[in-house]
Trainee: 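For reference, the structure I am asking about is given below.
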Amino acid sequence: MTISHMTCHRRLLVLFSLLFLLCGNAVAHPALWQAKLGDSTVYLFGTVHLLPNDTDWHFPALDQALSKSQSLYIELTDDDQGTMTALVLRYGMDTEHPLSSLLNESDNAALAKAAQVAGLPGGTTALQPMKPWLAALTLTVAPLMKAGLDPAAGVDKQLQAQMMRAGKPVHGLETAEQQIRFLADLSDLLQIAFLRDTLRDVEKDKEELLSLVDAWKNGNVAAIAKLENDELKTQEPALYQKLLVQRNQNWAAKIKDLLRQPGTTVFVAVGAAHLAGPDSVQAQLAKIGVTAQQD
């Protein structure tokens, strides 16, 4: 599991992933949009980054869009293990300031509980040399890997493999270093807020998980926004701006540039949370004169 797979609204993707594991062979029909400018088209598709291998999420309109598209854009493509390990060591470790020294008593108690629930090898001791943002991602990933979820089976990776087999180019909207630095460059206060956000998720119950996965499967974008984006926006507004809004703005500008290329048809696949709510990629496109319609 790479860090880049979790920066697109970490909590939403993790909750989806856990439910797919519980639900077994789930048939999904997520939302698909298209934006047009002249004779150019960009398809927008919300993804989840971790899935069991037997989850069926293809449907005819999606397959037609992929067939028509000349290229694919996903969040990033340079997430090989060597690159990611080097970046984590560079930006994620701080042996001079143990994690527990940055947290209050209540936070440390929650950290110990989360490490236990996640089944993290070494418990909180393993987290001590990590900066708060890396500790948060580690606590997120550990139970998923233990459960046997395969990052290579995620929707974005499957789309990448499909387009490459068809001889079509695949591009990244961001680089691995950019994605890591979205978290690593956060202030200490925001990094701790990110960690606390992770610790709160330990208490999420199955009913909310079922609601989230149903929303994604049925293309219910309003429900996704209500269940996940609204909570992050309310509880951690600065983090919401950094990790969701600013990136959506950047991607919208990139999409408009693609649409300005005559005769272009492109498929863009990003985390589902980026296509939900009033600050979505579609909303950012509307602000710069591009309308995205849901198919």
Side-chain angles (χ1 to χ4, degrees), residues 1-10 12-14 16-17 30 32-33 35 40-51 53 55 57-58 62-63 65-92 133-134 137 140-141 144-145 149-185 243-244 246-259 261 264-275 281 284:
M1 176 65 191
T2 64
I3 287 178
S4 64
H5 287 143
M6 307 311 291
T7 56
C8 178
H9 203 174
R10 169 191 50 77
L12 179 66
L13 303 180
V14 171
F16 281 151
S17 300
L32 176 69
W33 293 261
S40 295
T41 301
V42 169
Y43 292 100
L44 296 173
F45 183 62
T47 68
V48 290
H49 297 313
L50 283 168
L51 290 176
N53 289 316
T55 301
W57 49 269
H58 278 269
L62 172 64
D63 290 332
L66 288 166
S67 177
K68 293 176 183 177
S69 295
Q70 300 154 349
S71 61
L72 169 68
Y73 280 79
I74 54 178
E75 290 181 34
L76 78 167
T77 58
D78 62 335
D79 55 349
D80 60 277
Q81 192 61 50
T83 297
M84 299 307 296
T85 298
L87 290 171
V88 165
L89 290 174
R90 180 178 179 183
Y91 294 110
W133 72 265
L134 181 58
L137 292 182
T140 295
V141 170
L144 302 181
M145 299 300 286
L149 287 168
D150 182 6
V155 172
D156 48 348
K157 291 302 181 186
Q158 291 187 48
L159 290 172
Q160 181 178 15
Q162 178 178 342
M163 294 296 269
M164 291 178 69
R165 286 194 300 269
K168 298 179 180 181
V170 180
H171 307 286
L173 291 167
E174 298 165 344
T175 67
E177 183 165 7
Q178 283 176 320
Q179 283 213 347
I180 283 184
R181 291 192 66 172
F182 283 127
L183 297 175
D185 290 348
L243 298 185
L244 203 79
Q246 290 181 15
R247 296 171 73 205
N248 290 352
Q249 291 170 341
N250 292 340
W251 295 348
K254 176 66 176 178
I255 290 167
K256 187 169 184 179
D257 286 342
L258 292 171
L259 286 167
Q261 301 174 21
T264 295
T265 303
V266 174
F267 196 98
V268 175
V270 298
H274 289 279
L275 303 181
V281 171
Q284 307 304 332

Trainee: Taking the side chain as every heavy atom from C-beta outward, state whether Leu62 and Phe267 have any atom pair closer than 4.5 Å.
Mentor: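 When only atoms from C-beta onward are counted, Phe267 and Leu62 do touch, with a gap below 4.5 Å.
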Trainee: Donor-acceptor check, side chain of Lys168 to backbone of Ser69, threshold 3.5 angstrom: yes or no?
Mentor: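 Flag set: sc Lys168 to bb Ser69 pair under 3.5 Å.
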Trainee: With side-chain hydrogen bond (donor to acceptor under 3.5 Å, both in side chains) as the rule and sequence neighbours excluded, what pairs involving residues 82-91 come up?
Mentor: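 Output for this query lists Asp80-Thr83, Gln81-Thr85, Tyr91-Glu177.
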Trainee: For a 4.5 angstrom cut-off between non-hydrogen side-chain atoms, does Arg247 reach Gln179?
Mentor: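 Arg247 vs Gln179: side chains touch.
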Trainee: Can you name the closest pair of heavy atoms from Asp78 and Ala176 and give their distance?
Mentor: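 For Asp78 versus Ala176, the nearest heavy atoms are OD1-N, 2.9 Å.
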Trainee: Which of these passes side chain to side chain donor-acceptor pair (under 3.5 Å) with Trp251: Gln284, His274, Glu174?
Mentor: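 Testing each of Gln284, His274, Glu174 against Trp251, the sole residue satisfying side chain to side chain donor-acceptor pair (under 3.5 Å) is Glu174.
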Trainee: CG of Asn248 to CG of Leu275: how many Å apart, nearest 0.5 Å?
Mentor: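 Answer for the CG-CG pair, Asn248 versus Leu275, is 7.5 Å.
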Trainee: Which pair of non-hydrogen atoms, one from Leu76 and one from Thr175, has the smallest distance, and what is that distance?
Mentor: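 Between these two residues, the closest heavy atoms are CD1-C, 4.0 Å.
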Trainee: Check the surroundings of atom NZ in Lys68: do more than 12 heavy atoms from other residues, nucleotides or ligands lie under 6.0 Å from it?
Mentor: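 At most 12 heavy atoms, drawn from other residues, nucleotides or ligands, come within 6.0 Å of this atom.
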Trainee: Distance from Leu134 atom CG to Leu87 atom CG, nearest 0.5 Å?
Mentor: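 CG of Leu87 is found 11.5 Å from CG of Leu134.
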Trainee: Identify the two heavy atoms, one from Met84 and one from Asp79, that lie closest to each other, and give their separation to 0.1 Å.
Mentor: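 Taking every non-hydrogen atom into account, CG-O, 3.6 Å.
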Trainee: With a 4.5 Å limit on heavy-atom distance, are the side chains of His58 and Leu66 in contact?
Mentor: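 Yes - at least one pair of side-chain heavy atoms lies under 4.5 Å apart.
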Trainee: Between Trp33 and Val281, is there a side-chain heavy-atom distance shorter than 4.5 Å?
Mentor: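 The answer is no, as the side chains (C-beta and beyond) never meet within the 4.5 Å cut-off.
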Trainee: Are side-chain heavy atoms of Leu183 and Leu243 found at a separation under 4.5 Å?
Mentor: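 Yes - at least one pair of side-chain heavy atoms lies under 4.5 Å apart.
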Trainee: Under the side chain to side chain contact (heavy atoms under 4.5 Å, CB included) criterion, do Asp156 and Glu75 qualify, and how do the steps go?
Mentor: CA-CA 8 Å; Asp156 48 348; Glu75 290 181 34; 5.9 Å; no
Trainee: Would you say that Tyr73 contacts Leu258 through its side chain, given a criterion of any heavy-atom pair below 4.5 Å between the two side chains?
Mentor: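 A side-chain contact exists here, since the closest heavy-atom pair is under 4.5 Å.
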Trainee: Minimum heavy-atom separation for Pro30 and Gly46, please, with both atom names.
Mentor: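 Looking at all heavy atoms of both residues, the closest pair is CB-O, 4.3 Å.
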Trainee: Quick one: pull up OH in Tyr43 and CG in Leu72 and give me the separation to the nearest 0.5 Å.
Mentor: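 Taking OH in Tyr43 and CG in Leu72, the distance rounds to 13.5 Å.
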Trainee: Is Leu44 close to Ile255 at the side-chain level, that is, under 4.5 Å between some pair of heavy atoms?
Mentor: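 Yes, close enough: below the 4.5 Å cut-off.
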Trainee: Which heavy atom in Ala269 sits nearest to a heavy atom in Thr47, and how many Å separate them?
Mentor: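 Looking at all heavy atoms of both residues, the shortest contact is CB-CG2, 3.6 Å.
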Trainee: Taking side-chain contact (heavy atoms from CB on, under 4.5 Å) as the test, write out the residues that go with Ser40, two or more places apart.
Mentor: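 By the side-chain contact (heavy atoms from CB on, under 4.5 Å) rule, Ser40 matches Leu259, Thr264.
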Trainee: Quick check: do Leu173 and Val268 have side-chain heavy atoms less than 4.5 Å from each other?
Mentor: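 Yes; the side chains approach each other to less than 4.5 Å.
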